[in-house]
Structures are given as C-alpha cells and as structure tokens.
Amino acid sequence: MKSPQPQAAGFFLFRSEAFSPGRSFMSKAFTRETDSDADDELPEPAVLPTGVNYITRAGYDRLRTELMALIDDERPRIVEIVHWAASNGDRSENGDYLYGKKRLREIDRRIRFLTRRLEVAEVVDCSQHHGGDQVFFGATVTYADDEGRETTVTILGVDEADSSRGEISWVSPVARALLKARVGDLVRLVVPGGSQELEILSVSYPAPGG
C-alpha cells in the first residue's frame with residue numbers, strides 16, 4: 001500500500017491494490033448454469049456520477065467480504081441446488097430450479113457490481129483530518145437550518161452511506177453544500193422551490209487508529 005497522497009479536494013487517499021477476487025474468478029464464478037444466455041442479461045450497474053469511488057477502509061472491507069462470500073459460499077450452494085433440481089424432471093414447473101436460476105442471476109449481477117466498484121475504489125484515510133474544523137470526506141457534521149433545527153450527518157462513500165444511521169453520500173446535495181466549509185460558516189443548500197442556509201456547528205473525524 002502506498003503512502004497517502006494529499007488531494008486538492010482535501011482527501012487523503014490510499015490507492016487500493018489492484019483488486020482481484022482470485023481463484024480464476026471470471027471463469028469460475030460466471031460459468032453458465034442456466035438454459036439461456038438471454039436469461040442472464042440484466043441491466044449493468046449505474047456509472048458513478050463522478051467516475052471516482054471514494055470509500056472508507058471499513059466500507060471497502062465490507063464490500064470485499066460480501067463479494068468473497070458470494071463467490072466462495074452462496075453461489076456454489078445455489079449452483080448445487082440448480083443442478084439437483086434440474087435432474088428432477090420438467091424444469092418449467094420445478095420451483096427449486098426456477099428459484100435457483102433467478103437467484104443465480106441476482107448473485108451474478110451483485111458480483112459484477114461489487115467487482116467494478118472495488119476495482120475503482122479510492123480508500124480515504126479520514127483520520128488525517130482528526131482535530132480539524134473543515135468539512136471533508138469522512139466528516140461527521142452538525143449543522144442548523146434556517147429554523148434552528150440541528151442535524152448531524154456523516155459524509156461517506158456512495159456504496160456505504162446508510163441514511164438510517166445518519167450517513168449521506170459525498171455526492172449528495174447536502175454533502176456538496178457542506179464540503180470544504182468550516183465551523184461557523186454559513187452555506188447555501190438549494191432545495192426544490194428555493195434554498196436554505198445552513199450553519200456549520202461542529203465537525204469531527206475518527207481518531208487515527210480508531
């Protein structure tokens with residue numbers, strides 16, 4: 001892993017290693033297990049809006065763990081089910097066979113999605129900004145809107161942000177309004193029908209080694 005390189009946008013990046021799931025992935029994972037190639041034709045994952053996939057180390061590790069579990073565990077298990085079900089006669093009325101075929105398509109689509117995301121991932125060391133008061137990727141920000149209502153969000157990657165935990169993608173409108181602002185700054189967020197003024201109340205980052 002290379003040393004972190006400071007970026008103009010305030011990110012500190014660890015260039016992710018050339019990603020490879022290993023074990024002859026492309027030939028092994030995508031061996032056809034269904035009757036028709038057309039059945040496996042599913043929409044490709046959406047292109048990242050910026051062409052760059054910033055992500056935390058924890059987020060990267062979660063995606064990679066999911067990918068390897070799909071390749072090593074779930075897909076082989078479903079393939080076995082499909083093979084067993086296919087040997088039981090009429091496939092058109094075979095629920096196990098039809099379900100297995102559908103699940104294989106879902107797994108393969110998810111494998112393609114995760115592989116492409118991980119290949120372009122830029123792992124960000126958010127702790128480099130620990131103690132700072134400016135908003136960059138990985139910041140947890142508390143802000144107040146025009147009516148004094150306070151909201152706390154953490155700015156994370158497109159593939160790891162979970163709104164139920166108060167996390168937002170760094171390409172979201174709120175994050176774009178907050179990025180590079182400092183504690184005490186007023187920023188303008190454009191919303192349908194007008195705009196809002198947000199005041200930055202606090203900014204924090206994970207501690208190094210945390």
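Just so it is clear, the values below take in all heavy atoms, side chains as well, and ignore hydrogens, waters and symmetry mates.
- Between I168 and S163, the closest side-chain pair of non-hydrogen atoms is not below 4.5 Å.
- A donor-acceptor pair under 3.5 Å is formed between the side chain of T65 and the backbone N or O of D61.
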Show the numbers, then the answer: is there a side chain to side chain contact (heavy atoms under 4.5 Å, CB included) between Q196 and L198?
-> CA-CA 6 Å; Q196 292 183 359; L198 309 179; 4.1 Å; yes
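- Note: the hydrophobic cluster containing L156 does not contain V153 (ILVMFWY, side chain heavy atoms under 4.5 Å, direct or indirect links).
- Residues H130 and P206 form no side-chain contact, since every pair of their non-hydrogen atoms from C-beta on lies 4.5 Å or further apart.
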Report the C-alpha separation of R64 and L118 in whole Å, then their side-chain angles, then the decisive distance to 0.1 Å, and conclude whether the side chain to side chain contact (heavy atoms under 4.5 Å, CB included) test is met.
-> CA-CA 7 Å; R64 192 178 192 285; L118 290 168; 4.2 Å; yes
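- A 4.5 Å side-chain heavy-atom check between E66 and L114 finds at least one atom pair inside the cut-off.
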Given the rule in the side chain to side chain contact (heavy atoms under 4.5 Å, CB included) test, do L179 and I155 qualify, once you have shown the distances and angles that lead to the verdict?
-> CA-CA 9 Å; L179 284 169; I155 301 172; 4.3 Å; yes
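- Qualifying side chain to side chain donor-acceptor pair (under 3.5 Å) partners for D185, counting only residues two or more places apart in sequence or in other chains: none.
- Here the closest heavy-atom approach between residue L189 and residue A177 is recorded as CD1-CB, 4.2 Å.
- Checked against side chain to side chain donor-acceptor pair (under 3.5 Å), Q134 has the following partners two or more places apart in sequence or in another chain: R182.
- Distance check: L70 CG to E74 CD gives 5.5 Å after rounding to the nearest 0.5 Å.
- Taking E150 as the reference, T142, A144, L201 meet the side-chain contact (heavy atoms from CB on, under 4.5 Å) condition, with sequence neighbours excluded.
- Taking D162 as the reference, R165 meet the salt bridge (charged side-chain N to carboxylate O under 4.0 Å, His left out) condition, with sequence neighbours excluded.
- The two residues A181 and V187 come nearest to each other via the heavy atoms CB-CG1, 3.6 Å.
- Of all heavy-atom pairs spanning Q128 and D125, the tightest one is NE2-OD2, 2.9 Å.
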Output, in order, the C-alpha distance, side-chain angles, deciding distance and verdict of side chain to side chain contact (heavy atoms under 4.5 Å, CB included) for L67 and L63.
-> CA-CA 6 Å; L67 174 61; L63 293 187; over 6 Å; no
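- Sorted by first and then second residue, the salt bridge (Lys or Arg N to Asp or Glu O under 4.0 Å) pairs involving residues 190-207 (not counting sequence neighbours) are R188-E197.
- The ring pair (Phe, Tyr, Trp, His ring centres under 6.0 Å) contacts involving residues 183-207 comprise H129-Y205, where partners must be two or more places apart or lie in separate chains.
- Using a 4.0 Å cut-off between a side-chain N of Lys or Arg and a carboxylate O of Asp or Glu, R62 and D159 do not qualify as a salt bridge.
- Contacts of S172 classified as side chain to side chain donor-acceptor pair (under 3.5 Å), with partners at least two apart in sequence or in another chain: none.
- Applying the side-chain contact (heavy atoms from CB on, under 4.5 Å) test to I81 and every residue at least two apart in sequence or in another chain returns R77, I78.
- Applying the ring pair (Phe, Tyr, Trp, His ring centres under 6.0 Å) test to pairs two or more places apart or on separate chains, none has a residue in residues 142-168.
- Side chain of N53 to backbone of R117: a donor-acceptor contact under 3.5 angstrom is found.
- Residues T154 and G138 come closest through the heavy atom pair CG2-O, 4.2 Å.
- S204 is linked by a side-chain contact (heavy atoms from CB on, under 4.5 Å) to T140, counting only residues two or more places apart in sequence or in another chain.
- Between the side chain of T56 and the backbone N or O of G59, at least one donor-acceptor pair lies under 3.5 Å.
- Note on I200 and V191: same hydrophobic cluster, where clusters join Ile, Leu, Val, Met, Phe, Trp and Tyr whose side-chain heavy atoms are under 4.5 Å apart, directly or indirectly.
- The pair E106-R109 does not meet the salt-bridge criterion, since no charged nitrogen lies less than 4.0 angstrom from a carboxylate oxygen.
- Side-chain atoms of L104 and R75, non-hydrogen and from C-beta on, do get closer than 4.5 Å to each other.
- Of all non-hydrogen atoms in S169 and A161, the two that sit nearest each other are N-CB, 3.7 Å.
- With hydrophobic clusters built from ILVMFWY side chains whose heavy atoms lie under 4.5 angstrom apart, V79 shares a cluster with L98.
- E80 is linked by a side-chain contact (heavy atoms from CB on, under 4.5 Å) to nothing, counting only residues two or more places apart in sequence or in another chain.
- A perpendicular orientation is assigned to the rings of F137 and W170, their planes being inclined by more than 60° (bins at 30° and 60°).
- Applying the salt bridge (charged side-chain N to carboxylate O under 4.0 Å, His left out) rule to D146 yields no partners; only residues at least two apart in sequence or on another chain are considered.
- At distances below 3.5 Å, at least one donor-acceptor pair connects side-chain atoms of S87 with backbone N or O atoms of W84.
- Rounded to the nearest 0.5 Å, atoms CZ (R57) and CD (E160) are 11.5 Å apart.
- Side-chain contact between V171 and V158 is present, with heavy atoms from C-beta onward closer than 4.5 Å.
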